[in-house]
Amino acid sequence: MDYTFNAIEAKWRQLWQERNTYLVTEDPNKPKYYVLDMFPYPSGAGLHVGHPLGYIASDIYARYKRLQGFNVLHPMGYDSFGLPAEQYAIQTGQHPAITTKENIARYREQLDLMGFSFDWSREVRTSEPSYYKWTQWIFKQLFNAYYDSSANKAKNISKLIAQFEQEGNIYVTAIHDCEQQFDAATWKGFSAVQKEEILQQYRMAYLAESWVNWCPALGTVLANDEIVNGVSERGGHPVEQKRMMQWSMRIKAYSERLLEGLDRIDWSDALKEQQRNWIGKSKGASVHFEVKDSQLQIEVFTTRPDTIFGVSFMVLAPEHPFVGEICTDAQRSAVEAYQQQAALKTERDRQADVKNISGAFTGAYAVHPFTGHEIPIWIGDYVLASYGTGAVMAVPCGDQRDYDFAKHFGLPIPNIFADIDIDEAAYAEKDAIIANSDFLNGLDVKAASEKVIAAIENKGIGQGKTNYRLRDAVFSRQRYWGEPFPVYYQDGLPQLVDDEMLPITLPEVDAYLPTADGEPPLARASKEAWSCQLGERMEYNTMPGWAGSSWYFLRYMDPHNDAAFADPAKLAYWKQVDLYIGGSEHATGHLLYARFWTKVLFDLGYLEFDEPFAKLINQGMILGKSAIAYIGPDQKMYSLEMLPEQKEGFREVRILIDLLNDDDSIQLDALKAWQPQYANQEFVTNAAGKVIVKREVDKMSKRWYNVVTPDDLCQKFGADTLRMYEMFLGPLEQSKPWDTKGITGVHGFLKKYWRLFHLGGHFEVTDQEPRPEALKTLHKTIKKLTDDLDRFSFNTGVSSFMICVNELTDQKCNNRYILEQLTILMAPYAPHICEEIWSQLRPGTSSIFDASYPVFDARYLQEANFDYPVSFNGKMRFKVNLDLALSLAEVEQEVLSKPEAQKWLEGKTPKKVIVVHGKIVNIVL
RNA sequence: GCGGAUGUGGUGAAAUUGGUAGACACGCCAGACUUAGGAUCUGGUGCCGAGAGGUGUGCGGGUUCGAGUCCCUCCAUCCGCACCA
């Protein structure tokens with residue numbers, strides 16, 4: 001009987017659906033386990049073999065936990081708002097909702113083919129009003145929250161308002177941008193507009209004018225994590241700095257908690273390090289320098305307060321607000337010229353131009369707080385306006401950038417390090433002893449820092465301070481296909497829409513483009529198009545892509561709830577995600593924002609946990625193997641062996657990998673039919689009359705013509721084969737090139753497994769007592785598989801099945817008990833074939849996934865003898881089979897008495913003999 | 001520059017606490033059955049060597065009876081950050 005995988009897989013996909021096999025509900029009698037995949041953005045291209053890699057791993061793990069008796073939540077959905085659908089809409093006029101729906105249908109079809117155990121009744125789509133209603137609701141909670149830094153948590157803004165009414169903001173400990181101080185009476189005297197302007201400076205979600213990354217090509221602002229190497233992540237368009245009124249999220253308030261939380265979660269070091277890097281904590285001091293002949297004080301942040309006596313000048317960012325004021329008339333034209341020059345440069349240019357030292361003297365002087373010396377104030381674009389205070393105290397002997405600046409402009413470089421030569425370069429190591437520094441002389445860095453911070457605090461000119469690189473996240477986008485804000489404007493001030501009016505649905509517009517006067521697309525909507533129209537106007541911005549994905553894992557717990565984002569009882573049952581699998585490209589975007597929102601919801605009392613993802617695994621990328629052909633100056637396509645030494649005048653072209661034979665030769669007729677430019681292509685073939693291409697590893701992508709889709713492979717080999725093969729390729733976290741050739745090995749294995757049940761040409765198993773050798777094989781496999789899954793080593797799991805089936809085949813084993821146990825073990829990897837076999841083994845039972853996972857019993861592996869490998873000086877020479885009951889001395893004696901031992905001893909007496917029981921014998925000569 | 005990860009056959013890889021390096025597959029070679037094979041089965045396959053044997057986990061050193069595994073130096077590749085004061 002043949003293994004008819006197509007029929008078997010189709011049958012079980014349908015039966016699982018009919019029987020609701022994967023439907024899951026809260027069950028207090030079972031321990032819960034939550035396995036989550038990063039939900040996909042449904043692009044038009046569909047899935048290639050790289051996409052399901054993580055889904056397969058999580059599916060195996062989810063099924064494994066289920067067989068172990070856990071109540072497993074394993075949902076899937078779509079991150080369906082986003083730029084590609086909108087860009088497509090702009091080009092074609094087709095509503096992005098339609099494109100999105102079509103793409104989702106295609107994704108679903110492909111996902112279904114792979115036989116995943118998702119509970120589809122829990123599907124979410126971030127672009128559905130029933131979902132984004134709650135994204136809007138969460139936004140409202142953020143708007144109505146502020147961060148109390150003494151309680152170290154977010155609180156409802158009403159508490160802050162109450163405090164303002166009691167005592168103003170003088171004693172308020174909150175994270176804010178408010179520079180104004182007021183007492184209760186002043187607060188009460190403020191108009192509603194003034195009050196709201198103040199409150200905006202405290203809210204967790206706030207409207208403020210700030211420097212943003214403006215991308216003209218996309219017509220929207222972008223968050224820092226959406227910019228890669230100075231250009232937009234999507235489309236690679238240039239980005240410029242622009243000051244704009246935008247919604248922001250006060251994520252900076254959570255810097256320390258986001259950092260601290262990393263110690264409590266099981267993520268890879270690489271990922272945690274990326275987040276730590278992004279948050280960028282640095283400890284030091286904030287110091288105020290007085291400006292000579294001025295009331296102004298320049299605040300600087302330094303990580304090396306111990307070097308304060310090495311300060312010989314100050315540098316401000318060209319955009320620093322004081323520059324105009326302190327600048328002397330004599331220097332004004334030079335300073336303004338420099339400011340202009342700096343403003344013209346894009347962020348990217350400034351970064352690329354590190355080697356080019358530039359700056360201008362303002363003519364003003366600051367006063368050194370300890371020496372009283374006058375120190376010149378310069379501006380230079382190596383100082384960033386957006387980091388720290390936008391000003392630095394320059395210590396040329398200890399900082400290379402300051403050193404280079406000083407050398408370039410002939411500024412003094414005082415040396416404050418004992419016995420350190422700074423003739424060639426600054427000394428930035430933190431192991432020096434401080435000298436020429438008054439009361440800091442002779443101290444090391446740590447002691448000097450502590451002492452000087454105390455002195456600074458004493459003088460009232462500063463304090464010890466921790467600085468973070470993390471910036472507040474811009475939360476509005478000038479685009480159409482995103483969540484509308486639950487916000488309208490009254491007297492020019494943002495007001496929240498009442499909960500009863502949610503969701504504010506996305507209004508229809510006549511075009512997905514900005515208006516003539518530059519307003520976002522939503523400004524095109526007519527009054528009637530809005531689900532509600534309040535105040536002077538609705539908010540025209542939409543939320544960024546990360547809004548919906550910051551909390552979707554919560555919605556899966558209760559996806560149809562219309563009264564809350566999720567029922568508290570359900571949230572309490574499912575809690576954190578136990579296992580999250582997804583790509584590492586979300587390290588500083590989605591994963592940081594999701595942690596942030598979780599912490600806010602935790603602080604506000606909606607959640608019982610403050611970290612969303614207890615364990616996270618980044619799956620590696622599956623790379624494609626492109627096919628590269630060479631076209632010579634004569635316009636002929638050359639086979640790889642026919643290329644001359646000098647490839648001058650030759651160009652490389654990538655051709656569709658579907659046009660290749662197994663030996664990397666091109667199917668010439670297919671190539672001619674593929675693209676018109678090859679219709680009359682001539683070739684320089686090799687001796688065998690073939691044109692061989694070069695294979696090169698690239699990202700798997702349509703543009704390299706190297707995409708392999710799961711659909712064809714499912715058709716040809718079956719989903720079970722594809723699932724196992726993807727796991728077999730190597731460790732989940734590692735990137736690896738796809739090679740379809742190897743799939744036959746896994747397919748052959750499944751056939752071999754199938755054959756165990758069909759030794760006599762039909763399905764047949766015996767009910768006899770299993771033989772010891774079969775029990776040994778089985779339990780060895782149980783142990784290996786359990787260990788492998790517990791450490792997420794899916795590739796070695798597949799190998800273990802192969803070894804097991806090979807051994808059982810050799811044993812001619814068709815014992816019911818053994819094969820049944822093996823089938824349960826394998827079911828998470830190859831659900832269709834195992835369910836089919838199970839239905840034959842146990843006709844009438846529900847599903848193999850209601851069985852219990854086999855339990856390892858060490859008894860079956862016990863052996864009386866062991867094949868001791870015998871080494872001489874660490875090199876294995878031969879083996880001796882000995883009784884494990886022998887003492888170490890007896891083993892030594894037995895081994896030395898063997899003729900092989902005599903040969904290797906060459907008549908010498910061993911210096912030492914090491915016997916490790918049940919492991920090894922090593923003889924030292 | 002800083003940080004992280006990874007270097008093992010022709011290829012994907014395994015070796016979980018220091019104990020037989022290369023399991024399991026692909027590919028390749030030889031053979032069997034076949035009209036045929038992208039089917040199935042058997043044997044072989046790190047490298048050098050006819051063999052005995054030697055040698056071998058990026059390079060060089062160290063610790064150890066014993067190192068792919070631990071320590072030090074260096075090299076290469078990939079990823080992230082990058083004037084962060």
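Order of the sequence lines sets the chain letters (A, B, ...), proteins ahead of strands, with each chain counted from 1.
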- How does protein contact run along nucleotides 36-41 of chain B, one letter per nucleotide 5' to 3', with B for base contact, S for sugar-phosphate only, - for none, heavy atoms under 4.0 Å? --BSSS
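- Aromatic ring centres of A:H747 and A:F5 lie closer together than 6.0 Å.
- Backbone-only contact: A:N806 has heavy atoms under 4.0 Å from sugar-phosphate atoms and none from a base.
- Aromatic ring orientation, A:F856 versus A:H779: tilted (interplanar angle from 30° to 60°).
- Across B:C78 and B:A32, the matching P atoms stand 48 Å from one another, rounded to whole Å.
- Separating the P atom of B:C74 from that of B:A30 is a span of 49 Å, rounded to the nearest Å.
- For the pair A:D404 CG and B:G1 P, the interatomic distance rounds to 15 Å; values are reported in whole Å.
- Going from the P atom of B:G58 to that of B:G22 covers 16 Å, rounded to whole Å.
- In this structure, A:Y382 and A:F405 have tilted ring planes: the angle between them lies in the 30° to 60° band.
- Spacing of C1' atoms, B:G46 relative to B:U42, comes out at 23 Å, to the nearest Å.
- When each of A:I803 and A:Y387 is assigned the nucleotide of RNA chain B with its nearest heavy atom, A:I803 is the one assigned upstream, toward the 5' end.
- Base pairing of B:C2: its partner is B:G80, meeting the Watson-Crick or G-U wobble criterion (both donor-acceptor distances under 3.5 Å).
- For A:Y3 and A:H758, the ring centers are positioned 6.0 Å apart or more.
- Minimum atom distance to the side chain of A:V924 is reached by B:C65, of the listed B:C65, B:C24, B:C84.
- Pairing for B:A15 is absent, with no Watson-Crick or G-U wobble pair whose two atom distances lie under 3.5 Å.
- With ring centers used as reference points, A:W738 lies under 6.0 Å from A:Y725.
- Under the 30°/60° scheme for interplanar angles, the aromatic rings of A:F794 and A:F792 are found to be tilted.
- When the P atom is used for both B:G49 and B:U69, the distance is 28 Å, rounded to whole Å.
- A salt bridge links A:D263 to A:R276: at least one charged side-chain nitrogen sits closer than 4.0 Å to a carboxylate oxygen.
- The existence of a salt bridge linking A:K783 and A:D787 is confirmed by a sub-4.0 Å separation between a basic side-chain nitrogen and an acidic carboxylate oxygen.
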Please list, for nucleotides 14-22 of chain B, all pairs of protein and nucleotide N/O atoms separated by less than 3.5 Å.
| unit_1 | atom_1 | unit_2 | atom_2 | d |
| --- | --- | --- | --- | --- |
| B:A14 | OP1 | A:N795 | ND2 | 2.8 |
| B:A15 | OP1 | A:R791 | NH2 | 3.2 |
| B:U16 | O4 | A:K784 | NZ | 3.4 |
| B:U20 | O2 | A:K879 | NZ | 2.9 |
| B:U20 | N3 | A:K879 | NZ | 3.2 |

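- Nucleotides B:C70 and B:U20, compared at atom P, are 16 Å apart to the nearest Å.
- Ring pair A:F409/A:W378 is tilted by interplanar angle, where 30° to 60° counts as tilted.
- OP1 or OP2 of B:A85 lies within a sub-4.0 Å distance of a side-chain N or O belonging to A:S282.
- Mapped onto RNA chain B by nearest heavy atom, A:K741 and A:D269 fall at different nucleotides, with A:D269 at the one closer to the 5' end.
- Nucleotides B:C48 and B:A13 have their P atoms positioned 24 Å apart, rounded to a whole Å.
- Here, B:G4 and B:G68 have their P atoms 25 Å apart, quoted to the whole Å.
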